Amino acid sequence: MATVKQHLDAARKILTETGIETAALDARLLLQQVLGKSMEELLLSGDVSVDTQNEQIFQKFVARRASHEPVAKIIGKKEFYGRDFITTADTLDPRPDSEALVEAVLNTFSNKKDARVLDIGTGTGCLLLSLLGERESWSGTGVDVSQAALAVAQRNAINLALNTRANFNQSNCFDSVAGLFDVIVSNPPYIAEEEKAELERDVIDYEPHIALFASEDGLYFYRHICEQASRFLSSGGWLFFEVGHTQAASVETLMKKNGFSMLGKKKDLSGVYRVVYGCCQK
Ligand code: GLN
């Protein structure tokens, strides 16, 4: 029987040979999941043998990763802003870039006690639930067109013990939304159909296309949400968007055109403007 270290080395080699840049990290995350160990526990058990059953599961996981299935889809979860979120074939995996949006909201409202938050296209619920997790008197609603995604978001809310402050409803943008919110957040689908060919296999083959693509050069949802948002924001409420890497200026223009003020932008970890936000003073 091979040891943990031998399995990690073999998996890293297979993944590197298939062009996976994060081979070592991915091998470790997959083996952690199979053995139910934390990173520290795994690294301390390098000389421990892996039993045949776990070895077979691990080898299947590695083969799936070698076919470019994302680690999060294989292990069914992804860490985001310090919490684990369930993710499935029906939801976009939470991404580190989106943490910039959470930070922008928290910085803007550093001392606001109560707030009602609306998350449009909630997916796993990672944006809404991270905000509620960080601000214990906030509550909110996540909407999505996908019933399957909403079921995942609901499970995440329960797992994180946030289900008393978060509810999830099916709605195409604002179509079935009622009431007023202090904060609206959205990471809508924003990839133009023409950009399909440039996407990595990890994304195009495994992420739900409904969560990725938008018409009008990828700007459809920004335009639609900007036009409607003031009807759902309280006076002095704020709208926060995550945007594609080339879209910040266009989305800023859309927000200005629709009466938003105090516009701000925030960069992601790679230094790209990833968040655009503004205030709605009625
Ligand atoms: N709101 C979710 C996220 O930020 C899903 C976004 C989407 O599906 N476009 O990950």
Side-chain angles (χ1 to χ4, degrees), residues 70-73 76-106 117-134 140-157 159-160 162 166-174 177 181 183-193 195-196 199-200 202-204 206-216 218-225 229 239-245 247 251 266 268-269 272 274-277:
V71 170
K73 295 276 188 259
K77 64 180 182 194
K78 178 79 184 271
E79 200 254 4
F80 180 82
Y81 215 81
R83 297 173 180 83
D84 272 350
F85 286 85
I86 298 165
T87 182
T88 70
D90 296 307
T91 53
L92 191 77
D93 297 341
R95 286 168 159 68
D97 296 339
S98 309
E99 294 182 337
L101 188 151
V102 175
E103 301 244 289
V105 177
L106 295 175
V117 184
L118 173 66
D119 179 7
I120 300 175
T122 197
T124 57
C126 65
L127 298 178
L128 174 67
L129 295 172
S130 298
L131 290 170
L132 302 192
E134 297 297 315
T141 299
V143 297
D144 206 293
V145 275
S146 162
Q147 201 64 263
L150 290 166
V152 173
Q154 184 65 46
R155 283 169 65 202
N156 280 321
N159 282 353
L160 297 168
L162 293 167
N167 58 69
F168 295 96
N169 301 317
Q170 189 178 31
S171 178
N172 186 0
C173 292
F174 295 103
V177 173
F181 298 85
V183 183
I184 297 178
V185 298
S186 186
N187 174 21
Y190 57 63
I191 301 171
E193 285 284 344
E195 288 173 299
K196 212 173 193 165
L199 293 177
E200 290 172 9
D202 299 35
V203 175
I204 193 75
Y206 294 98
E207 293 288 22
H209 287 195
I210 192 176
L212 297 177
F213 297 107
S215 58
E216 303 177 16
L219 294 172
Y220 169 79
F221 288 101
Y222 299 112
R223 195 164 280 131
H224 180 70
I225 293 169
L239 172 62
F240 292 81
F241 281 125
E242 176 174 334
V243 300
H245 68 287
Q247 293 170 325
V251 174
K266 189 169 166 58
D268 64 17
L269 299 167
V272 172
R274 189 57 74 175
V275 187
V276 180
Y277 54 96

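Just so it is clear, the model here is predicted, and its values are computed rather than measured. Read the numbers this way: they start at 1 and go in the same order the structure lists the ligands and their atoms.
Sorted by first and then second residue, the side chain to side chain donor-acceptor pair (under 3.5 Å) pairs involving residues 94-106 (not counting sequence neighbours) are Tyr81-Glu103, Arg95-Glu207, Ser98-Glu242.
When side chains are defined from C-beta on, Ile120 does not count as touching Phe221, because their heavy atoms never get closer than 4.5 Å. At least one side-chain heavy atom of Phe213 sits less than 4.5 Å from a side-chain heavy atom of Leu199.
Residues satisfying the side chain to side chain contact (heavy atoms under 4.5 Å, CB included) criterion with Thr141, sequence neighbours excluded, are Arg116, Leu118, Val143, Asn167, Asn169, Phe181. By the side chain to side chain contact (heavy atoms under 4.5 Å, CB included) test, Arg155 pairs with Ile86, sequence neighbours left out.
More than 12 heavy atoms of other residues, nucleotides or ligands shown are found within 6.0 angstrom of CD on Gln170.
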Which protein N or O atoms sit under 3.5 Å from any N or O of ligand 1? Give atom names and distances.
from, atom 1, to, atom 2, distance (Å)
ligand 1, 1 (N), Gly121, O, 3.0
ligand 1, 1 (N), Thr122, O, 3.3
ligand 1, 4 (O), Asn187, ND2, 2.9
ligand 1, 9 (N), Asn187, O, 2.9
ligand 1, 9 (N), Ala211, O, 3.2

